[in-house]
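The block underneath contains the structure these notes are about, expressed in structure tokens.
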Amino acid sequence: MSYWLMKSEPDEFSIDDLAKRRTEPWSGVRNYQARNYMRDGMRVGDGVFFYHSSCAEPAIVGIAEVSRAAYPDPTQFDPRSDYFDAGSNREEPRWLMVEVRFKRKLKRNITLAELKERRELRDLILLRPGSRLSVSPVSKAHWDFILSLE
DNA sequence: GCCAACGTTGGC
DNA sequence: GCCAACGTTGGC
């Protein structure tokens with residue numbers, strides 16, 4: 001079992017939205033590294049930290065799990081979608097997505113500021129300078145440590 | 001293959 | 001809204 005962190009802007013899709021929907025196709029990832037993590041790494045049942053980005057208080061706010069492994073993201077084929085990619089095609093889809101299922105909200109939000117204070121987390125990909133990956137791996141040690149902060 | 005220009009991300 | 005960091009694009 002592996003662990004991951006996925007970013008979402010709460011104005012677009014928040015942990016409360018996921019709680020209501022129960023499961024959500026994670027469409028719109030248009031970064032090759034993030035796609036490769038989904039394709040090569042993410043398996044059904046993997047743990048996911050749900051992170052709120054681009055907001056007043058960036059933080060890990062909840063836990064989800066992978067409920068479906070990578071499959072082609074249909075929005076790449078839809079000319080009306082913001083995520084349309086004219087360079088992709090159905091025979092060889094360029095972009096993939098996974099589906100995630102809500103597990104629970106954290107008892108309290110663990111803020112980016114707090115994560116940065118913890119020496120134990122200095123290698124967390126989220127905290128690497130300039131890291132903008134919307135999907136990134138989390139080691140079991142980091143996963144367990146972050147949960148211990150809850 | 002290089003690299004400048006451009007667009008995006010995301011914290012602040 | 002600013003801007004640093006990064007990825008992508010496209011001319012050469």
Side-chain angles (χ1 to χ4, degrees), chain A residues 2-21 23-42 46-66 69-100 102-139 141-143 145-150:
Chain A
S2 303
Y3 301 92
W4 308 92
L5 182 144
M6 298 177 88
K7 296 180 182 176
S8 186
E9 300 186 16
D11 290 346
E12 300 293 324
F13 191 81
S14 71
I15 188 69
D16 290 323
D17 294 325
L18 183 64
K20 281 181 220 147
R21 301 259 203 111
T23 64
E24 180 73 5
W26 206 263
S27 61
V29 173
R30 294 295 180 270
N31 170 280
Y32 288 105
Q33 204 174 346
R35 180 204 65 184
N36 294 347
Y37 283 134
M38 291 195 290
R39 182 187 63 197
D40 304 331
M42 292 185 111
D46 282 0
V48 175
F49 280 138
F50 195 105
Y51 176 86
H52 281 172
S53 66
S54 292
C55 56
E57 188 191 75
I60 296 173
V61 296
I63 298 174
E65 67 180 358
V66 177
Y71 61 106
D73 178 345
T75 63
Q76 70 195 300
F77 307 125
D78 179 1
R80 292 162 305 178
S81 168
D82 289 343
Y83 302 119
F84 177 65
D85 183 349
S88 185
N89 62 76
R90 291 177 190 278
E91 289 66 40
E92 276 185 85
R94 180 177 290 172
W95 304 113
L96 304 174
M97 63 183 186
V98 297
E99 185 186 82
V100 298
F102 177 76
K103 293 204 72 166
R104 66 179 178 88
K105 292 173 76 169
L106 295 188
K107 299 185 196 102
R108 66 181 188 86
N109 293 352
I110 301 175
T111 66
L112 177 63
E114 181 175 355
L115 295 170
K116 283 179 172 174
E117 286 172 3
R118 296 294 184 158
R119 301 185 57 217
E120 294 89 339
L121 299 176
R122 62 188 177 277
D123 297 327
L124 188 68
I125 289 178
L126 175 73
L127 302 182
R128 288 222 282 248
S131 176
R132 302 182 315 184
L133 278 173
S134 60
V135 177
S136 61
V138 175
S139 70
H142 285 158
W143 177 273
F145 180 76
I146 290 167
L147 283 181
S148 79
L149 299 175
E150 193 181 2

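A, B, ... follow the sequence lines: proteins, then strands. Residue 1 opens every chain. From a predicted model like this one, the values you see are computed outputs, not experimental measurements.
- A distance-only check finds no donor-acceptor pair linking the side chain of Thr111(A) to the backbone of Ala59(A) [under 3.5 Å].
- For the 3.5 Å distance criterion, the side chains of Asp73(A) and Thr75(A) qualify, holding a donor opposite an acceptor.
- Within the 4.5 Å cutoff, no side-chain heavy atoms of Ile60(A) are placed close to those of Phe50(A).
- For Tyr83(A), the OH atom is loosely surrounded, since the number of other residues' heavy atoms within 6.0 Å does not exceed 12.
- Remark: Arg94(A) pairs with Asp85(A) by the salt bridge (Lys or Arg N to Asp or Glu O under 4.0 Å) rule, at least two apart or across chains.
- Interface limits on DNA chain B: the 5'-most and 3'-most nucleotides within less than 4.0 Å of chain A heavy atoms are dG7(B) to dC12(B).
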